[in-house]
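Only this structure's heavy atoms are used, side chains among them; waters, hydrogens and symmetry mates stay out. Chain A is the first sequence line, chain B the second, and so forth, proteins listed ahead of strands; every chain is numbered from 1.
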There are 2 protein chains.
Amino acid sequence: MAKAKNKMVEGARQALAIARGGKVKGFRVHEPKDLDVRAIRAATKLSQAQFASRFGFSVRTLQEWEQRREVATGAARALLRVIAHDPAAVERALVS
Amino acid sequence: MAKAKNKMVEGARQALAIARGGKVKGFRVHEPKDLDVRAIRAATKLSQAQFASRFGFSVRTLQEWEQRREVATGAARALLRVIAHDPAAVERALVS
DNA sequence: TTCTGTTATACGTGAAAAGCGTATAAGCGG
DNA sequence: CCGCTTATACGCTTTTCACGTATAACAGAA
């Protein structure tokens with residue numbers, strides 16, 4: 001039950017974070033936490049190893065994300081969304 | 001939102017065209033570790049708070065990077081490079 | 001001028017989580 | 001059988017980030 005409690009606390013903490021971020025003036029980017037990393041990679045038809053090395057992280061980390069054992073950090077989620085939305089832009093930036 | 005997902009998958013599918021049309025398989029992206037995060041942010045003319053919330057991380061983390069107290073992870077570095085190279089593309093991906 | 005309310009930036013502390021190397025193993029097409 | 005892809009365990013290193021405090025630079029009010 002210590003576990004359940006931690007979960008609740010964590011949930012509350014996140015809600016707080018969202019509430020805070022939501023009121024930043026101007027534009028706050030809405031970030032869905034339920035990113036389907038596997039689907040994004042699948043669309044690229046790259047293997048885990050290829051996808052990982054191409055975009056700058058380890059295979060191990062990618063697996064953690066795909067298998068939902070760990071959640072990608074904010075920046076990583078943002079990157080994944082850009083890859084999903086416009087992979088060409090990412091390729092261009094990283095190749096140059 | 002199944003729609004949103006399809007959109008992302010569709011977008012990612014473009015990677016294919018590039019991956020195949022361009023170089024051969026498995027080219028690796030080189031990543032300079034000495035990223036000048038402050039300069040990248042300066043180019044966007046955003047405050048630390050704005051920059052951080054817009055791209056998905058905390059102000060504190062951004063400061064760690066700018067002051068070189070900590071190094072951004074691979075995915076974060078990749079994101080920063082994309083922001084430096086084509087910030088509009090990132091905005092587009094995150095706003096949708 | 002002086003007080004006062006932003007706004008931007010710096011940083012100590014510490015818990016939680018992510019990042020990731022290495023090793024091992026199973027499934028599969030060739 | 002071999003090589004490639006993916007899954008998983010173990011475990012150590014590093015980052016992330018909340019919370020709090022502190023310091024300037026400014027702008028407008030008193």
Partner residues of B/Ala42 under the side-chain contact (heavy atoms from CB on, under 4.5 Å) criterion, sequence neighbours left out: none
Protein proximity profile, nucleotides 6-14 of chain D - base contact B, sugar-phosphate-only contact S, no contact -, cut-off 4.0 Å on heavy atoms: SBBBBB---
Atom-to-atom span, CZ of B/Arg68 to C1' of C/dA10 - whole angstrom: 16 Å
For B/Glu66, side-chain hydrogen bond (donor to acceptor under 3.5 Å, both in side chains) partners two or more places apart: B/Arg38, B/Arg41, B/Gln48
Pair listing, ring-ring contact (aromatic ring centres under 6.0 Å, His included) test, anchored in residues 61-80 of chain A, at least two apart: A/Phe57-A/Trp65
Partners meeting side-chain hydrogen bond (donor to acceptor under 3.5 Å, both in side chains) with B/Arg92 (sequence neighbours left out): none
Presence of A/Trp65 side-chain N/O under 4.0 Å of C/dG19 phosphate oxygens OP1/OP2: yes
Rounded distance (Å) that lies between atom P of C/dA8 and atom CZ of B/Phe51: 15 Å
N/O (side chain, A/Thr73) to phosphate O (OP1/OP2, C/dA18) under 4.0 Å: no
Spacing between A/Gln50 atom CD and D/dT5 atom P, to the nearest angstrom: 6 Å
Phosphate-side-chain proximity, A/Ser58 and C/dG19, N/O vs OP1/OP2 below 4.0 Å: no
Euclidean distance, atom CG of residue B/Leu62 to atom C1' of C/dA10 [Å, nearest integer]: 12 Å
Pairs where residues 75-95 of chain B contributes a residue and the test ring-ring contact (aromatic ring centres under 6.0 Å, His included) is met, not counting sequence neighbours: none
Hydrophobic cluster identity match, B/Ile40 and B/Leu62, side-chain contacts under 4.5 Å: yes
